[in-house]
Asker: 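Before anything else, here's the structure in question.
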Amino acid sequence: MASPKPRSFKGTRDFTPREMIPRERIIDTMKRVFRLYGFSPLETPALEMLSVLTGKYGDEGEKLLYKLDYKNDDFENRVALRYDLTVPLARVIASHPEWPVPFKRYQIQPVWRADKPQTRQGRFREFYQCDIDTIGAPEGLADAEILALTVAMLDELGFKDGDKRAVVQLNHRKVLEGITVHAGHPREDLAGFCRALDKLDKIGREGVNNELKQIGVTDDGLRRLDDVLPLGESDKSPHEVIDALRGVFADEPVALEGLDGLALILTNLEQLGTPLDRINLNPALARGLDYYTGAVFESTLPDQPHIGSLTGGGRYDKLIGLYGGGDKPAVGTTIGLDRMFAAMEQLGMADTEAQTVTRVLLAAWSEDQFEACLRAVRVFRAAGVPAEVFPTTGKLKKPFSHADKLNIPYVAVIGPDEADHPDGLHVSLKDLREGTQDTVPVEKAAELVSR
RNA sequence: GUCCGAGUAGUUCAGUUGGUUAGAACGCCUGACUGUGGCUCAGGAGGUCGUGGGUUCAAAUCCCAUCUCGGACCCCA
């Protein structure tokens, strides 16, 4: 029997220790922030009933569902891999009407899309999503909390100062509705207008103008956008932008409602301690998805325009109701984990050197010292130092070479001199980066290595 | 789903109008160095040239098919 060539399914990835070590550290940081804001963990199954998923993502999205074939294929009971984390959340909420609201959860799990992957552009068939949502809270505090959390998390990860500074772009669907009407476009096609506008940073103002013309916006309408869109690129504070927009939309009550909503969110944000210079009120921010009903937001790195948004979300008050149990207001954000890692790697913010968590590798000079090695490793572990014993004795070249290849920072050698030291068990501790070596009691070695 | 390009050692690739036994670099293993990694030097292992068929005295090279991979479009995170 010929063994098949080992290969992985296209669009899926292995995360090697070298990748997982920084990845886990970043995820741990994020979870800590989520918890500080009172969001609790939720996990849902990879498999969902197909009937739960159909009709939620539109025709384009539906084609991307991974549907599973069953023997005795039973239409009622077909299943599919989850496509996102929002629909499963909606299912959970709908099946627990007794849960007190607001319900706040974070969820970090993979989702699957039967897309043609372009791995270099960061598009995969299996990828992680990280969602934070508050269900059952009206516009105001919940929106502000999501934004405050986003800024706090980005700060903790190092997206705080200089060219790594992240800024949250903020807008409101009702303001966008006002802009749509202001451009002379029918209110009913807000979604189409937003889809075109959302491409602004990708295809530029010219490209957006072309797209808008295609859906019927006139030249005069395009000119009227000049009253509004440039405000997003000005140095004005969010409150100043809102005041300017109040003037433009004096006769458009829906837009004024949106501006009131934004003002409330900003006030809450300030009281929560988020500096408003991290918020950019940007009337050009649209977000492509058409289920948003209120605030929409994205976080970007203004000095790294090629990286794209790190997080994105908004308020969606009508979506949960689609799954039964009545309308429930909701607001949330998605964190683009893969994009975040890519950004941190590009900007040199992640440690990509470590290939193992081991801090110290113990090596016995001969079989006679192997037991002493096992006693010594216990001391390191008890001190909280990740340590392991090289499994063979004899040539010390092997453990040293192994430590070198894996970037293990320390090797502790135990030979007759160390094992039978009159002052108790010693190790010869070598710092591979410095090339220095000292023979010290094992307890002392554990202390040296732990800092 | 549509349109292009590429498949040769573990990896990145070279390989001339078809012509002895298919090469390099890096990586891997061994030794120089019987208590010590990186650097250096010497040696070694590793390939049915993606797969199947065809043309030819002769195919990695030319032709056909097929599979896989990469890029562009659409869509999205």
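Below, read A as the first sequence line, B as the second, and so on, with proteins coming before strands; counting in each chain starts at 1.
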Asker: Distance check, rounded to the nearest 0.5 Å: A/Lys430 atom NZ versus A/Phe400 atom CZ?
Answerer: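 Here the interatomic distance stands at 5.5 Å.
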
Asker: Rounded off to whole Å, could you give me the OH-to-C1' distance for the A/Tyr291 and B/A77 pair?
Answerer: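 My rounded result for the distance is 11 Å.
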
Asker: Can you confirm whether more than 12 heavy atoms, excluding those of A/Asp14, are under 6.0 Å from its CG atom?
Answerer: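 Not more than 12 within 6.0 Å, no.
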
Asker: With P as the reference atom in both, quote the distance from B/G44 to B/A25 in angstrom, rounded to an integer.
Answerer: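 Looking at atom P only, B/G44 and B/A25 are 13 Å apart.
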
Asker: Nearest-Å distance, CG (A/Asp404) to P (B/G27)?
Answerer: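 Computing the A/Asp404:CG to B/G27:P distance gives 12 Å.
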
Asker: Which of these nucleotides, B/G35, B/C28, B/G31, is closest to any side-chain atom of A/Lys395?
Answerer: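 The closest nucleotide is B/G31.
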
Asker: Can you tell which of B/G35, B/U36, B/G38 lies closest to the side chain of A/Pro416?
Answerer: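 When the side chain of A/Pro416 is considered, B/G35 is the closest of B/G35, B/U36, B/G38.
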
Asker: Could A/Glu19 and A/Arg13 be called an ion pair, given the rule that one side-chain N must be under 4.0 Å from one carboxylate O?
Answerer: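 Salt bridge absent between A/Glu19 and A/Arg13.
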
Asker: Of the options A/Thr44, A/Asp131, A/Asp133, which is the one that meets A/Gln107 in a side-chain hydrogen bond (donor to acceptor under 3.5 Å, both in side chains)?
Answerer: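 Exactly one pass, corresponding to A/Thr44.
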
Asker: Ignoring hydrogens and geometry beyond distance, is the side chain of A/Lys430 in donor-acceptor contact with the base of B/U36 at under 3.5 Å?
Answerer: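 In this structure, the two groups form a donor-acceptor pair.
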
Asker: Within the 4.5 Å heavy-atom criterion, are A/Met153 and A/Met340 side-chain neighbours or not?
Answerer: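 A/Met153 reaches A/Met340 side chain to side chain.
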
Asker: In what stems does RNA chain B take part, counting only runs of at least 3 consecutive Watson-Crick or G-U pairs whose two distances fall under 3.5 Å?
Answerer: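 The stems are B:1-7 with B:67-73, B:10-13 with B:23-26, B:28-32 with B:40-44, B:50-54 with B:62-66.
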
Asker: Taking the same atom, P, in B/G19 and in B/C62, what whole-Å distance lies between them?
Answerer: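 Their P atoms lie roughly 11 Å apart.
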
Asker: Can you tell me the distance, in whole Å, between the CZ atom of A/Phe370 and the C1' atom of B/G35?
Answerer: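 Checked: the CZ to C1' distance equals 17 Å.
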
Asker: Taking atom C1' in both B/A9 and B/G47, what distance in whole Å separates the two?
Answerer: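 Looking at atom C1' only, B/A9 and B/G47 are 5 Å apart.
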
Asker: Starting the side chain at C-beta, find the nucleotide from B/A77, B/G37, B/U36 nearest to A/Arg113.
Answerer: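 My answer, after comparing the listed nucleotides, is B/A77.
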
Asker: Under the ring-ring contact (aromatic ring centres under 6.0 Å, His included) criterion, do A/Tyr106 and A/Phe39 qualify, and how do the steps go?
Answerer: CA-CA 6 Å; A/Tyr106 70 83; A/Phe39 289 80; 8.0 Å; no

Asker: If you look at every strand shown and take non-hydrogen atoms under 4.0 Å, does A/Asp84 touch a base, only sugar-phosphate, or nothing?
Answerer: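 The residue A/Asp84 makes no contact with any strand.
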
Asker: Quote, to the nearest angstrom, the P distance that separates B/C4 from B/C64.
Answerer: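 That atom pair is separated by 14 Å.
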
Asker: Please give me the minimum heavy-atom distance between A/Glu139 and A/Asp143, naming the atom from each residue.
Answerer: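 That would be CA-OD1, 3.4 Å.
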
Asker: Using heavy atoms to find the nearest nucleotide of RNA chain B for A/Gln437 and A/Lys405 separately, return the residue whose nucleotide is more 5′.
Answerer: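 Result of the comparison: A/Lys405.
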
Asker: Would you name the heavy atoms of A/Thr134 and A/Pro102 that are closest together and state the gap between them?
Answerer: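 Nearest pair, atom of A/Thr134 first, then A/Pro102: CG2-CB, 3.9 Å.
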
Asker: Give the rounded distance in Å between these two atoms: CZ of A/Arg125 and C1' of B/C69.
Answerer: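 Checked: the CZ to C1' distance equals 12 Å.
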
Asker: Nearest heavy atom decides the nucleotide; on that basis, is A/Leu432 or A/Gln129 closer to the 5' end of RNA chain B?
Answerer: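 Residue closer to the 5' terminus by nearest nucleotide: A/Leu432.
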
Asker: Using a heavy-atom cut-off of under 4.0 Å over every strand shown, decide if A/Gly312 touches base, sugar-phosphate, or nothing.
Answerer: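 Nothing: the residue A/Gly312, judged by heavy atoms under 4.0 Å, touches no strand.
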
Asker: Using whole Å, what does the distance between atom C1' of nucleotide B/C33 and atom NZ of A/Lys397 come to?
Answerer: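 Computing the A/Lys397:NZ to B/C33:C1' distance gives 7 Å.
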
Asker: What integer distance in Å separates A/Lys398:NZ from B/C28:P?
Answerer: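 After rounding, the reported distance stands at 14 Å.
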
Asker: Can you measure from CZ (A/Phe127) to CG (A/Asp338) and round to the nearest 0.5 angstrom?
Answerer: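 Answer for the CZ-CG pair, A/Phe127 versus A/Asp338, is 8.0 Å.
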
Asker: Using the P atoms only, state how far B/U16 lies from B/C69, rounded to an integer number of Å.
Answerer: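 Each nucleotide's P atom is 28 Å from the other's.
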
Asker: In whole angstrom, what separates A/Leu396's CG from B/G35's P?
Answerer: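 Those two atoms, CG and P, are 8 Å apart.
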
Asker: Side chain of A/Phe127: nearest nucleotide among B/G35, B/A77, B/G37?
Answerer: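 Closest of the options to the side chain of A/Phe127: B/A77.
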
Asker: What distance, rounded to whole Å, do you find between the two P atoms, one in B/C49 and one in B/U11?
Answerer: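 These two P atoms come out 15 Å apart once rounded.
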
Asker: Distance check needed: B/U36 C1' versus A/Asp431 CG, whole Å only.
Answerer: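 Interatomic distance, CG of A/Asp431 to C1' of B/U36: 14 Å.
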
Asker: Look at all strands and tell whether A/Gln369 reaches a base, only sugar-phosphate, or nothing, counting heavy atoms closer than 4.0 Å.
Answerer: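 Result for A/Gln369 = nothing.
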
Asker: If we take the P atom in both B/A60 and B/U20, what is their distance in whole Å?
Answerer: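 One P to the other, the span is 10 Å.
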
Asker: What interatomic distance, in whole Å, is found between P of B/G7 and the corresponding atom of B/A14?
Answerer: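 Result for the P pair: 8 Å, nearest Å.
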
